**Q** 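This is the structure, below, for whatever I ask next.
Keep in mind that this is a model prediction, so the values were computed, not measured. Both counts, for ligands and for their atoms, begin at 1 and track the order of listing.
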Amino acid sequence: MDTRPVGVFDSGMGGVSLLRDALELLPNENYIFYGDNANAPYGDRTEDEILSLTSQAADLLIDHGVKALVLACNTATSASINVLRKKLEVPVVSIEPAIKPACSAPGEGKVFMLATAATTKLARYRALQARMPDPDRVINVGISGIVARVERGEIGPGSMDDILEKYLAPYTGMRADAVVLGCTHYIFPAEAIETWFKRHFSGPCRLYDGNRATVRQLGRVLARNGLLNDRGCGRVEFSTSGDREALLPVFKQLLETPIYTGKPGTVPGEG
Ligand code: DGL
């Protein structure tokens, strides 16, 4: 038994979507969420910059006494997970784009993997894609712009239409079996993204993300290391490199917004 909190890190607010799943699946843990909002988005930065920022954030959470660290940021995982696991003494669990379950679902169509520009380029993600049974089924779309809107709490219907049109125009009309939300920020406007896909693509356009699989992995890792807490109550502390007063209402809004997992009757995808 270990009553210390779990540290959850993202470049900004996207990781709040994973925190919500953690609160549901591991309600007896307490959490410190740290968003590096002052330096977001990470997705347009170089690998070295992302590694350095993530490493500083990890040190900060360790100084706050966390017993385990969750990288709730696909971009940070791609650039830094190997280094962090070597450097830190606490277990590190990390999210990555859920292309595995998406590619396991049968279908003749493509799997669209939406993520930050950095994630789609970095070697770790490329190696993951190469391990898929048919890597060419996956179309990687590195997008800039969604993260900034989510940081402002803009996630409603139609909120991403212009950005999606800009990046996905070459593919419209194709059959989309799956849409992987390969950036935790993209989970908040999931309904807007699905609606846009269904308007412009054929096929089921099933949504997948890696949040719940990552939280289940966190549970296994805590159990294996004797770190589970059975006395916590899902207490959450919000910490940020940005303007805390301005960001706290957005954090609360996102913590309370119901997460969309797919139209009724479809299979909600998870990694
Ligand atoms: N939420 C992060 C991810 O999952 C990255 C957002 C950013 O570009 O900072 O990739």
**Q** Under 4.0 Å from any heavy atom of S11, which atoms of ligand 1 are there?
**A**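 So the atoms of ligand 1 that pass are 5 (C), 6 (C), 7 (C), 9 (O).
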**Q** Is atom NZ of K87 surrounded by more than 12 heavy atoms (other residues, nucleotides or ligands) closer than 6.0 Å?
**A** yes
**Q** With a 4.5 Å cut-off on side-chain heavy atoms, are V147 and Y186 touching?
**A** yes
**Q** If you look only at distance, which donor and acceptor atoms sit under 3.5 Å apart when one is on a side chain in residues 226-239 and the other is two or more places apart or in another chain?
**A**
| residue | atom | partner | partner atom | Å |
| --- | --- | --- | --- | --- |
| N229 | OD1 | R231 | N | 2.8 |
| N229 | OD1 | G232 | N | 3.3 |
| N229 | ND2 | N28 | O | 3.4 |

**Q** For C73, counting its heavy atoms only, list the atoms of ligand 1 lying under 4.0 Å from any of them.
**A**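 Reading through ligand 1 atom by atom, the close ones are 2 (C), 3 (C), 4 (O), 5 (C), 10 (O).
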**Q** If you take the centroid of each ring, where Trp contributes its six-membered ring, are F251 and F33 closer together than 6.0 Å?
**A** yes
**Q** Can you check whether Y42 has an N/O within less than 3.5 Å of an N/O in ligand 1?
**A**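 Min N/O separation from ligand 1 is below 3.5 Å for Y42.
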**Q** With sequence neighbours left out, write down each residue that passes salt bridge (Lys or Arg N to Asp or Glu O under 4.0 Å) with R85, or none if nothing qualifies.
**A**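 Partners of R85 under the salt bridge (Lys or Arg N to Asp or Glu O under 4.0 Å) test: none.
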**Q** For ligand 1, indicate whether the residue N74 contacts it via side chain, backbone, both or neither (heavy-atom separation under 4.0 Å).
**A** both
**Q** Please determine if R199 and E194 form a salt bridge, counting it only when a charged side-chain N lies under 4.0 Å from a carboxylate O.
**A** no
**Q** Considering heavy atoms of the protein only, find what lies nearest to atom 1 (N) of ligand 1 and give residue, atom and distance to 0.1 Å.
**A**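 Result for atom 1 (N) of ligand 1: H185 ND1, 2.7 Å.
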**Q** With heavy atoms under 4.0 Å as the rule, classify the contact between D10 and ligand 1 as side chain, backbone, both or neither.
**A**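 Side chain only.
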**Q** Measure the distance from atom 8 (O) of ligand 1 to every protein heavy atom, then report the residue, atom name and distance (to 0.1 Å) of the closest one.
**A** G43 N, 2.8 Å
**Q** With backbone taken as N, CA, C and O and side chain as the heavy atoms from C-beta onward, which portion of T75 lies under 4.0 Å from ligand 1: side chain, backbone, both, or neither?
**A**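 Near ligand 1, T75 shows its backbone as well as its side chain.
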